[in-house]
Colleague: 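My questions will all concern the structure given below.
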Amino acid sequence: MSEKFDVVVIGSGPGGYVAAIRAGQLGLKTAIVEKWADDKGAPVFGGTCLNVGCIPSKALLDSSHRFHDAAHNFDVHGISTGEVSIDVPKMIGRKDAVVKQLTGGVAGLLKHNGVTTLQGTGKLLAGKKVEVTAADGTQTVVDADNVILASGSVPVEIPPAPVDNDIVVDSTGALEFDSVPKRLGVIGAGVIGLELGSVWSRLGSEVILIEAMDTFLPANDQTIAKDAFKIFSKQGLDIRLGARVSGTEVKSKEVTVTYTDSEGDKTETFDKLIVCVGRKPVTDNLLAGDSGVNLDERGFIFVNDRCETDVPGVYAIGDIVRGPMLAHKASEEGVMAAELIAGQKPQVNYDTIPGIIYTHPEVGSVGKTEEQLKADGVEYNVGNFPFAAIGRALASNDADGQVKIIADAKTDRILGAHIVGPSAGDLVQEVAIAMEFGSTAEDIGLMTFGHPTVSEAVKEAALAVHGHAIHKANRKKRK
Ligand code: FAD
Ligand code: AMP
């Protein structure tokens with residue numbers, strides 16, 4: 001007889017490991033299956049986020065920001081540094097150490113919560129059995145009362161730009177360069193392309209982003225996206241919109257990219273090319289033909305808003321299901337699935353999941369955009385406030401961007417907040433908390449914000465919804 005668990009989780013990214021920890025906390029007999037191994041064959045937990053996603057990209061964004069600041073922004077403070085140089089292998093080494101610390105931490109937390117780890121590739125069989133195939137091909141089958149599928153996502157490849165992991169890389173390869181490319185091409189000016197392009201641009205690469213869409217950041221509020229486009233262009237990112245890549249040719253350590261825009265075919269030659277055209281769910285070999293779990297029309301695992309698949313007791317969470325591909329969304333779904341299994345009644349509020357681009361300045365967004373509200377025919381009021389009028393932002397020489405708050409015209413409830421500016425990721429979270437409590441714009445305007453902080457821009461934008469902002473001339477004047 002095979003061993004039986006209350007819960008078996010497949011995949012240990014921020015969806016799966018959080019689900020397993022929560023299940024362990026709830027006293028459920030839990031196992032987690034992970035196929036990722038290091039070069040010595042030891043299991044690696046944490047998935048995309050910890051190993052090749054959120055964390056390593058933020059480590060490099062932080063290093064490159066410090067370098068850029070030291071090289072270009074210290075002089076104005078009266079600080080002279082002499083020539084600033086970057087030791088790329090050392091920077092990459094620091095990033096690797098941060099990753100190792102965190103993935104080791106996850107292993108410790110799984111152990112602490114009594115979670116059994118099973119090393120290998122998991123596959124859901126009929127009857128909630130999970131087959132685990134180890135690296136040497138050995139197969140075992142475990143029984144489960146409940147299964148949580150959390151196999152995540154991998155980069156999309158496009159035929160005109162095959163990745164060779166040398167000159168043409170995906171987001172993972174772009175975290176491992178051993179020197180600063182002189183000319184760097186990025187296909188796709190989405191979240192990941194902008195972040196990785198920023199890292200290498202700050203370190204001195206000449207960066208061109210080639211983006212097929214005519215609109216920059218089409219899912220973001222366009223007031224903020226337009227502002228961000230101007231700010232990033234001023235920083236030196238050359239973002240070419242309406243430009244679709246049709247071919248690449250690698251020759252003598254260079255790649256020539258052909259793309260088509262409204263003027264016709266064009267070419268650019270680079271030392272490195274990063275392909276960042278999106279991610280796709282990992283469902284290959286995850287489900288036996290008779291598992292009973294179905295995919296939706298886009299190839300994601302079909303689930304309802306409780307992350308339940310078509311098989312009772314089988315849940316799917318994170319990047320393999322509908323919704324934004326974000327680590328915190330995956331984790332919240334993981335907690336929800338574990339608590340549902342334990343008989344609790346949790347839910348994820350999909351209306352308040354923040355999305356952040358960790359450029360400098362950051363772009364943060366929560367709730368509906370003005371474009372969505374217009375399309376839905378909702379009446380709303382808007383308040384904007386520029387960081388250029390915020391004392392703390394000016395004192396820090398970091399005053400690009402603005403806060404935009406959108407509130408329902410009838411109820412004044414906040415429907416969305418969109419920010420480009422210093423600490424936008426943290427500021428948008430403040431509004432997300434307010435939204436969770438059903439806050440109106442007036443409520444935020446009535447709160448006391450510490451002075452001087454960049455968060456005062458949130459209060460002022462909320463006041464501006466009703467024409468009451470103090471530190472700017474309001475267009476709408478209301479008593
Ligand atoms: P994953 O993290 O992809 O984990 C899935 C795990 O399942 C992997 O460990 C994989 O090895 C394992 N697995 C797959 N199939 C099997 C199988 N059959 N058997 C056993 N194991 C299996 N999100 C943010 O919120 N903020 C950010 O700043 C951010 N930055 C990013 C930067 C980059 C460069 C990238 C690539 C992504 C970034 N993301 C960010 C997205 C984020 O990483 C993902 O949304 C998140 O990791 C999804 O979590 P997950 O648990 O669904 O899957
Ligand atoms: P994201 O979905 O945020 O990861 O962004 C991926 C981006 O890549 C999208 O904005 C796509 O429009 C873009 N993209 C996809 N294929 C191509 C292509 N062949 N040439 C240029 N851009 C592309």
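Atoms considered below: every heavy atom in the structure, side chains included; atoms not considered: hydrogens, waters and symmetry mates. Count residues from 1 along the sequence. Indexing begins at 1, ligand by ligand and atom by atom, following the structure's order.
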Colleague: Between Glu362 and Lys58, is there a salt bridge with N-O shorter than 4.0 Å?
Modeller: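 No.
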
Colleague: Where the closest heavy atom to atom 20 (C) of ligand 1 is concerned, which of Ser151, Gly120, Gly323 has it?
Modeller: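 It is Gly120 whose heavy atom sits nearest to atom 20 (C) of ligand 1.
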
Colleague: Need the ligand 1 atom indices (1-based, order shown) with element for anything under 4.0 Å from a heavy-atom of Val52.
Modeller: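 Near Val52, meaning under 4.0 Å from one of its heavy atoms, ligand 1 has 34 (C), 36 (C).
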
Colleague: For ligand 1, is there an N or O atom under 3.5 Å from any N or O atom of Leu326?
Modeller: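 It does: an N or O of Leu326 is found under 3.5 Å from an N or O of ligand 1.
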
Colleague: Please work out which of Gly11, Gly318, Gly152 has its closest non-hydrogen atom nearest to atom 53 (O) of ligand 1.
Modeller: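 Result: the heavy atom closest to atom 53 (O) of ligand 1 is in Gly152.
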
Colleague: For Ser153, counting its heavy atoms only, list the atoms of ligand 1 lying under 4.0 Å from any of them.
Modeller: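 Per the distance check, 3 (O).
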
Colleague: Taking Asp145 first and then Lys4, would you say they form a salt bridge - that is, a charged N and a carboxylate O separated by under 4.0 Å?
Modeller: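 Answer for the salt bridge query: yes.
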
Colleague: Below 4.0 Å, non-hydrogen atoms only: which portion of Val277 touches ligand 2? Side chain, backbone, both or neither.
Modeller: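 It is both parts that get close, each with some atom under 4.0 Å.
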
Colleague: So if I count the atoms of ligand 1 from 1 in the order they appear, which ones are less than 4.0 Å from some heavy atom of Ser57?
Modeller: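 Heavy-atom distances to Ser57 below 4.0 Å select 32 (C).
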
Colleague: Which heavy atom of the protein is the closest neighbour of atom 9 (C) of ligand 2, given with residue, atom name and distance?
Modeller: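 The answer is Glu211 OE1, 3.6 Å.
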
Colleague: Which option wins on minimum heavy-atom distance to atom 41 (C) of ligand 1: Lys329, Met325, Glu131?
Modeller: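 Looking at heavy atoms only, the winner is Met325.
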
Colleague: So is Ile192 in contact with ligand 2, going by heavy-atom distances below 4.0 Å?
Modeller: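 No heavy atom of Ile192 comes that close to ligand 2.
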
Colleague: Heavy-atom contacts with Gly47 under 4.0 Å: which atoms of ligand 1 show up? List them by number with element.
Modeller: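 This gives 2 (O), 4 (O), 8 (C), 9 (O) as the contact atoms.
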
Colleague: For ligand 2, is any non-hydrogen atom under 4.0 Å from Ser246's backbone (N, CA, C, O), its side chain (CB onward), both, or neither?
Modeller: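 No part of Ser246 comes within reach of ligand 2.
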
Colleague: With atoms numbered from 1 as shown, which atoms in ligand 1 lie under 4.0 angstrom from a non-hydrogen atom of Cys49?
Modeller: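 Taking each heavy atom of Cys49 in turn, ligand 1 has 2 (O), 43 (O), 47 (O) under 4.0 Å.
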
Colleague: For Lys100, does the NZ atom sit with more than 12 other heavy atoms under 6.0 Å from it, leaving out its own atoms?
Modeller: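 No, the 6.0 Å shell around NZ holds no more than 12 heavy atoms from other groups.
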
Colleague: Heavy atoms only: which of Val191, Leu241, Val245 is nearest to atom 19 (N) of ligand 2?
Modeller: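 Nearest heavy atom to atom 19 (N) of ligand 2 lies in Val245.
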
Colleague: Check each atom of ligand 1 against the heavy atoms of Tyr358 and keep those under 4.0 Å away; list them by number with element.
Modeller: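 Near Tyr358, meaning under 4.0 Å from one of its heavy atoms, ligand 1 has 28 (O).
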
Colleague: With a heavy-atom distance limit of 4.0 Å, tell me whether Ala243 approaches ligand 2 through its side chain, its backbone, both, or neither.
Modeller: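 Looking at Ala243 and ligand 2, just backbone atoms fall under 4.0 Å.
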
Colleague: Taking atom 39 (N) of ligand 1 as the point of reference, which of Ala316, Gly193, Cys54, Gly122 owns the nearest heavy atom?
Modeller: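 Among Ala316, Gly193, Cys54, Gly122, the closest heavy atom to atom 39 (N) of ligand 1 comes from Cys54.
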
